[in-house]
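Note that the structure is predicted; figures quoted are calculated from it, not measured.
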Amino acid sequence: MFTRRHFLQATAGLAALSLGSAAAFASWKEQFPELVIAAVPDENATGIEKRYEPFIQYLSKQLGVPVKLRIANDYAAVIEGQIAGNIHIAQYGPAAYARAYMNGAKIEPFGMQVNKDGTKGYYSVLWVKKDAPYQKLEDLKGKNLGLVDPNSASGNNVPRFAMNKMGIKPEDFFANVVFTGSHENAIIALQQGQVDGAFNWWNDDNESMLRRMERKNMAKYDDFRMVFKSDQIVNSPVAMLSALPDALKAQIKDAFFNVEKNDPEAFRVLTDGEAQVWAPTSHQEYEVMVELNKFVDTLRKQ
């Protein structure tokens with residue numbers, strides 16, 4: 001039978017638990033009075049800032065400390081920031097996360113992007129202009145190729161893996177191989193005729209960098225044509241420093257996994273309404289990207 005004594009004991013237990021949680025919260029706030037989040041730059045700085053601004057405000061409210069967005073110049077800056085411990089949370093591409101891990105970053109991937117249809121993968125595709133004569137990747141021999149960043153999965157590593165299987169060494173096969181720095185810049189370079197083909201990320205006909213640019217009136221989807229599509233790539237992770245206190249890690253996960261419920265508008269702006277909330281993940285799901293990076297590293301040494 002549940003008596004008054006049982007009630008008092010239960011109440012005391014809950015109070016102790018509450019005090020313990022509050023103490024843990026206060027403790028990490030003293031150690032981390034401000035948190036920094038960064039994302040690999042797949043679009044221009046203004047676009048990233050607008051996309052993340054409501055989400056940053058949401059995180060600051062949920063975590064109870066200011067959260068600052070660091071806009072990196074390239075993928076390497078995000079990797080180096082987490083290695084140095086200056087970036088507490090980072091949204092990576094899968095190959096960039098794998099590179100950070102390989103270079104000694106003490107980080108934990110905890111959330112994986114989920115597409116609107118529930119799938120957890122995307123593709124590397126090669127775009128050409130709609131009226132260009134090229135029908136397949138091999139037709140671009142002797143032309144200018146646009147890649148994204150050395151640490152981009154869909155913009156460099158997966159394309160190099162695929163071309164190696166075709167017997168193509170990019171630096172010999174193409175007249176020029178150009179790193180554009182971001183997925184958005186790769187499309188712009190193709191638009192302006194600086195390259196004849198540009199690699200980029202693509203989920204499906206409804207979501208890709210090209211679709212995002214179309215929504216911003218920066219490009220027209222139908223002005224381009226896809227001449228190559230890779231095998232599926234595991235979706236991008238978000239990772240945090242392993243050294244963060246457990247209480248803080250738990251609050252970060254709670255904030256990310258419940259954003260769609262807590263602040264649907266911030267999540268809509270962040271994703272253009274074209275994604276589901278993150279799914280829990282771990283390093284194991286990205287071991288394939290570690291192996292891919294190692295393979296691409298061997299190609300560079302040849």
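- Here the closest heavy-atom approach between residue Ser152 and residue His183 is recorded as OG-NE2, 3.5 Å.
- Atom CD of residue Gln113 and atom CG of residue Asn203 lie 8.0 Å apart, to the nearest 0.5 angstrom.
- In this structure, Tyr101 is a member of the same hydrophobic cluster as Val78, with clusters built from ILVMFWY side-chain heavy atoms closer than 4.5 Å.
- Residues Val40 and Gly93 share a closest heavy-atom pair of CG2-N, 3.7 Å.
- Between Lys130 and Asp222 there is no salt bridge, since no side-chain nitrogen of the basic residue lies less than 4.0 Å from a carboxylate oxygen of the acidic one.
- Surrounding CD of Gln284 are at most 12 heavy atoms belonging to other residues, nucleotides or ligands under 6.0 Å away.
- The only option from Asn86, Leu248, Ile107 that meets the side chain to side chain contact (heavy atoms under 4.5 Å, CB included) definition with Leu241 turns out to be Ile107.
- The structure places CG of Asp149 at 8.5 Å from OG1 of Thr180, a figure rounded to the nearest 0.5 Å.
- Identified under the ring-ring contact (aromatic ring centres under 6.0 Å, His included) test for residues 149-168, with sequence neighbours left out: Phe161-Phe295.
- Under the 4.0 Å criterion applied to side-chain N and carboxylate O atoms, Lys29 and Glu34 are not assigned as salt-bridge partners.
- Residues Trp201 and Ser154 share a closest heavy-atom pair of CB-OG, 3.4 Å.
- For the side chain to side chain contact (heavy atoms under 4.5 Å, CB included) test with His88, the passing option among Val67, Ile252, Val36 is Val36; the others fail.
- In the hydrophobic cluster analysis, where Ile, Leu, Val, Met, Phe, Trp and Tyr join through side-chain heavy atoms closer than 4.5 angstrom, Met209 is grouped together with Val234.
- Classification of the Phe55-Trp278 ring pair by plane angle, with boundaries at 30° and 60°, yields tilted.
- The shortest side-chain heavy-atom distance between Thr281 and Phe110 does not fall under the 4.5 Å cut-off.
- With contacts defined as side-chain heavy-atom distances shorter than 4.5 Å, the pair Trp202/Arg211 does not qualify.
- Between Glu207 and Arg215 there is a salt bridge, with a side-chain nitrogen of the basic residue lying less than 4.0 Å from a carboxylate oxygen of the acidic one.
- A continuous path of Ile, Leu, Val, Met, Phe, Trp and Tyr side chains, each step under 4.5 Å between heavy atoms, connects Tyr221 with Met218, placing both in one hydrophobic cluster.
- For the pair Arg99 and Tyr75, the cation-pi test (distance below 6.0 Å, angle within 45°) is failed.
- In terms of hydrophobic clustering, with Ile, Leu, Val, Met, Phe, Trp and Tyr side chains grouped at heavy-atom distances under 4.5 Å, Val269 and Val238 are assigned to different clusters.
- Remark: Lys136 engages Asp139 in a side-chain hydrogen bond (donor to acceptor under 3.5 Å, both in side chains) (not counting sequence neighbours).
- Put simply, CG on Leu190 and NZ on Lys129 are 6.5 Å apart, with the number rounded to the nearest 0.5 Å.
- Looking at Lys249 and Met240, their side chains come closer than 4.5 Å, going by heavy atoms from C-beta outward.
- Asn115 and Thr119 share a side-chain donor-acceptor pair at under 3.5 Å.
- By the 4.5 Å heavy-atom criterion applied to side chains, Asn235 and Val114 are not counted as neighbours.
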### Task
Starting from the C-alpha separation in whole Å, work towards a yes-or-no answer on salt bridge (Lys or Arg N to Asp or Glu O under 4.0 Å) for Arg300 and Asp297.
CA-CA 5 Å; Arg300 290 172 179 158; Asp297 288 348; 3.3 Å; yes
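- Ile37 places a side-chain heavy atom less than 4.5 Å from the side chain of Ile56.
- The two residues Gln31 and Pro245 come nearest to each other via the heavy atoms OE1-CG, 3.8 Å.
- Here Glu184 does not pair with Arg212 in a salt bridge; the nearest charged N to carboxylate O distance is not below 4.0 Å.
- Under 4.0 Å is where a charged nitrogen must lie from a carboxylate oxygen, and between Glu285 and Lys120 no such pair does.
- Criterion: ILVMFWY side-chain heavy atoms under 4.5 Å apart, direct or through other members. Under it, Leu63 and Phe32 are part of a common hydrophobic cluster.
- A donor-acceptor contact closer than 3.5 angstrom is absent between the side chains of Asn156 and Asn151.
- A heavy-atom distance below 4.5 Å is found between the side chains of Val65 and Trp28.
- Counting heavy atoms from C-beta on, the side chains of Arg268 and Glu260 never come closer than 4.5 Å.
- Checking Asp254 against Asn258 by side-chain atom types alone, a donor-acceptor pair falls below 3.5 Å.
- For the pair Asp272 and Arg51, the salt-bridge criterion is met [side-chain N within less than 4.0 Å of a carboxylate O].
- Through direct or relayed side-chain contacts under 4.5 Å between Ile, Leu, Val, Met, Phe, Trp and Tyr, Val177 connects to Leu126, Val128, Tyr134, Leu137, Leu140, Leu145, Leu147, Met163, Met166, Ile168, Phe173, Phe174, Phe179, Phe199, Val227, Phe228.
- How far CD of Glu274 is from OG of Ser208: 9.5 Å, rounded to the nearest 0.5 Å.
- Contact record, Ile233 with Ala153: CG2-CB, 4.5 Å, taken as the closest heavy-atom pair.
- Taking CG from Asn157 and OG from Ser230, the interatomic distance works out to 12.0 Å, rounded to the nearest 0.5 Å.
- You'll find the ring centres of Tyr58 and Phe267 outside the 6.0 Å limit.
- Of the inter-residue distances, the one linking Glu108 atom CD with Ile89 atom CD1 reads 12.0 Å to the nearest 0.5 angstrom.
- Within the 4.5 Å cutoff, side-chain heavy atoms of Pro94 are placed close to those of Met289.
- Tyr123 carries Lys229 over the face of its six-membered ring, with the cationic atom under 6.0 Å from the centre and within 45° of the normal.
- Checking Tyr92 against Gln82 by side-chain atom types alone, a donor-acceptor pair falls below 3.5 Å.
- Taking all atoms of both residues into account, the shortest heavy-atom contact from Ala186 to Val195 is O-CG2, 4.5 Å.
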